[in-house]
Amino acid sequence: NSFLQLDVPNEFQSNWLLEVSPSPLFIPSIGLFGSGEVAEIPTANLNLLHSGRYFCRISSPNIINVHTKQWQWEKT
C-alpha cells in the first residue's frame, strides 16, 4: 500500500522525476525516477519524514525548464 499516490500528467508518463521537499524551492529534495500513470511514495519512506508541510513535483528528467505538476501536503 502506498501512502501517497499522484496522478502523472500524460506528457510525463513515459519518463518522470518525482521530487519531494520541505521547501517550495526544492532545496533540499529527494527524488524518484519512474514511468506510468501514477507516482507512488511508499508508506515506509514517508514515515521517515518529520511532521510539517511538504512539496512535491513531477517533471521530465530529460528536459530543463519544462512545465511541472506540483502538490503540497501537511504531515502530522
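All residue numbers refer to positions in the sequence shown, counting from 1. Bear in mind that the values here come from a model prediction, so they are computed numbers and not experimental data.
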For this session: Given side-chain contact (heavy atoms from CB on, under 4.5 Å), test Trp71 with Asp7 step by step and report yes or no.
Result: CA-CA 11 Å; Trp71 299 265; Asp7 292 328; 5.5 Å; no
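Identified under the salt bridge (Lys or Arg N to Asp or Glu O under 4.0 Å) test for residues 42-51, with sequence neighbours left out: none. Note on residues 14-23: pairs passing side chain to side chain donor-acceptor pair (under 3.5 Å), not counting sequence neighbours, are Glu19-Arg57.
Between atom CD of residue Glu37 and atom CD of residue Gln5 there is a gap of 12.0 Å, rounded to the nearest 0.5 Å. The line from SG of Cys56 to CD1 of Ile41 is 5.5 Å long, rounded to the nearest 0.5 Å.
With a 4.5 Å cut-off on side-chain heavy atoms, Leu49 and Lys75 count as touching. Counting only heavy atoms from C-beta outward, the side chains of Phe12 and Leu18 never approach each other to under 4.5 Å. Residues Leu4 and Leu46 form a side-chain contact, since some pair of their non-hydrogen atoms from C-beta on lies under 4.5 Å apart.
Taking Ile, Leu, Val, Met, Phe, Trp and Tyr as hydrophobic and joining them when side-chain heavy atoms fall under 4.5 Å apart, one finds Phe26 in a cluster with Phe55. In this structure, Leu17 shares a hydrophobic cluster with Phe33, the cluster being traced through Ile, Leu, Val, Met, Phe, Trp and Tyr side chains under 4.5 angstrom apart.
In the hydrophobic clustering of this structure, Val20 does not group with Val38; members are Ile, Leu, Val, Met, Phe, Trp, Tyr whose side-chain heavy atoms approach within less than 4.5 Å, directly or through other members.
A search for salt bridge (charged side-chain N to carboxylate O under 4.0 Å, His left out) contacts involving Glu74 returns Arg53, not counting sequence neighbours. With sequence neighbours left out, Asn10 forms a side-chain hydrogen bond (donor to acceptor under 3.5 Å, both in side chains) with Gln13.
Around atom CG of Leu48, more than 12 heavy atoms belonging to other residues, nucleotides or ligands sit under 6.0 Å away.
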